[in-house]
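Here, residue 1 is the first one in the sequence, and each next residue gets the next number. For ligands, and for the atoms within them, numbers begin at 1 and follow the listed sequence.
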Amino acid sequence: MSERGGFASRLGIILATAGSAVGLGNVWRFPFMAGQNGGAAFIVIYIGCILLLGIPGMLSEFVIGRHSQANAARAYGHIAGGKRIWKLVGYLGILTSTIILGFYAVVAGWCLQYLLASLMGSLNGDADYVLNYFQTFATNPWKPCLWAVAFIVITHVVIVRGVQHGIERASKVLMPLLFVLLIVIVGASCSLPGAMAGVEFLLRPDFSNVSHSVLLEALGQAFFSLSLGTACLCTYASYFSRDTNLLKSASQIALIDTMIAIMAGLMIFPAAFSVGVQPDSGPSLIFITLPNVFQQAFGSMPTVGYLIGILFYALLVFAALTSTISMHEIGTAFFTEEFHLPRKKAAWVLTSVCSVLAILCSLSMGAVDSIALFGRSLLDCCDFITAQVMLPLGAFLTSLFVGWFVDQRLLRKELLTGVDGYDGTNDESFNHANWHYAWLFRIYQFAVRFIVPLCILLIFLHQFNVI
Ligand code: PHE
């Protein structure tokens, strides 16, 4: 098997793409973003961003990747007919995913610690104890750094050893299990006293309290959660087969991803309101809320609460791993193919860079106050710059590129290849026979030419008070 093909089986690649999308972005980042931005109103805007900008954006990256069958930088250059300038968009995506991996690993490391702590039963105590536990742990100079680096090394091992076949098979069981477990925890959380205030917070939109930055935050969250704008979808799509139906895959992944995020919200807020945790507590939100659910909601059945806690953190670690693998793969594929490095060496380059960044991000959470930028911890800063600047910028440029610079016949052909058995040849007769796909293409084309770039531009201008 060639070095390229060695990454994943063609069959499991769709599963891997869904695995990339579903991760801490849904369970950790979505609730704290919704909490900081007014709850239900944020969710309405978020869903709008997914439908209007997210799905067309995913399709664009899919088209570029599958057409070119190469790493992100080469893929953009290839589909642009060799115009090197577009390679820069690929480079931007690779840089973005490397930074994301740096701070994402810190939070994934916290999940590892919580998995261990729930195994040992050391998260048991009242709400103050749970809060204190997190603060003491996150500000410790060593432990969170070690966990973060451990997480990157685990990702590295998976990338180098190519055990994705196992991971893909495991995803088939573990992802649905995560879904079922979320439903159980939503039920438990809603049964706590005073939980309905949290449900209301999530389901009754109040646009009067929406801050001016909420549009950009919802947009950034939508892109982060779909892994959009990082060239990740483009890299994964380069392993898709010709019979993959891109339209269907993008909509299914967006639907699953959004459902999991909303369920995570329904799991966190009822419990947060019940135990008195502020919804705008930021990145610590799920860590200072959930241990209370596992103890209080299952008060009469402590063993059940204990087991559900362990299972939850284990599944969260797994979901985070399928996402970090995708981030790592973007850079590894790039270094392997562009610098002709063996895959192992390329992976080491990425692992080293991300580990240094992860250590700095981890220390900036309190152990070393001087690691801060613009008054924020480095972790916050990396999160802000990637989600609210680099991802929207990547998606903006990709959309302009696909809408205005890529040969539109090629675009239509690539988008529809795999739909209803169409194999990319004789597109006139296909479009004639399946006129609704021709219409779908026109809608998509309108979205990538006008809606996506204009909306992102307007949101940026609004954020910087130009309009
Ligand atoms: N989408 C992933 C999540 O929700 C995060 C991610 C971002 C993965 C960018 C790859 C690239 O957790």
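For ligand 1, the atoms lying closer than 4.0 Å to a non-hydrogen atom of N26 are 4 (O). Within ligand 1, the atoms closer than 4.0 Å to a non-hydrogen atom of G25 are 3 (C), 4 (O), 12 (O), numbered from 1 in the order shown. Within ligand 1, counting atoms from 1 as listed, the ones closer than 4.0 Å to a heavy atom of T230 are 9 (C), 11 (C). Atoms of ligand 1 lying under 4.0 Å from at least one heavy atom of S323, given by number and element, are 2 (C), 12 (O).
For the pair S97 and ligand 1, no heavy-atom separation below 4.0 Å is found. Residue contacts with ligand 1: W28 is excluded, as none of its non-hydrogen atoms falls under 4.0 Å.
By the 3.5 Å distance cut-off applied to N or O atoms, A21 is counted among the residues near ligand 1. The shortest N/O to N/O separation between D257 and ligand 1 does not fall below 3.5 Å. Of the N or O atoms in C232, none lie within a sub-3.5 Å distance of an N or O in ligand 1. The N/O atoms of S225, backbone and side chain alike, include one that comes under 3.5 Å of an N/O atom in ligand 1.
Ranking the protein heavy atoms by distance from atom 2 (C) of ligand 1 puts S20 O, 3.1 Å first. Scanning all protein heavy atoms for the shortest distance to atom 8 (C) of ligand 1 gives S227 OG, 3.3 Å.
Aromatic ring pairs are classed by plane angle as parallel below 30°, tilted from 30° to 60° and perpendicular above 60°; the pair W348 and H156 is tilted. Ring geometry for F287 versus W110: interplanar angle over 60°, hence perpendicular rather than tilted (30 to 60°). Ring pair W86/F405 is tilted by interplanar angle, where 30° to 60° counts as tilted. Classified by interplanar angle (parallel below 30°, tilted 30° to 60°, perpendicular above 60°), the ring pair F103/F224 is parallel. Using the six-membered ring where Trp is involved, F294 and F312 have ring planes that are tilted, between 30° and 60° apart.
Ion pairing of E61 with R66 is absent here, as no side-chain N (NZ or NE/NH1/NH2) approaches a carboxylate O to less than 4.0 Å.
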(request) Would you please test F396 and F460 for side-chain contact (heavy atoms from CB on, under 4.5 Å) and show each step? (result) CA-CA 11 Å; F396 174 78; F460 266 141; 5.6 Å; no
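Taking each of F30, F224, Y104 in turn, the one with a heavy atom nearest to atom 12 (O) of ligand 1 proves to be Y104. For atom 6 (C) of ligand 1, the nearest non-hydrogen atom from the set R29, E329, M327 belongs to M327.
Residue contacts with ligand 1, taken as heavy atom pairs separated by less than 4.0 Å, involve S326 solely via side-chain atoms from C-beta onward.
Here the two rings, on Y46 and F30, have centers that are under 6.0 Å apart.
Atom OH of Y104 is separated from atom CZ of F151 by 8.0 Å, given to the nearest 0.5 angstrom. Here CD1 of I100 is found 8.0 Å from CE of M390. Values are rounded to the nearest 0.5 Å.
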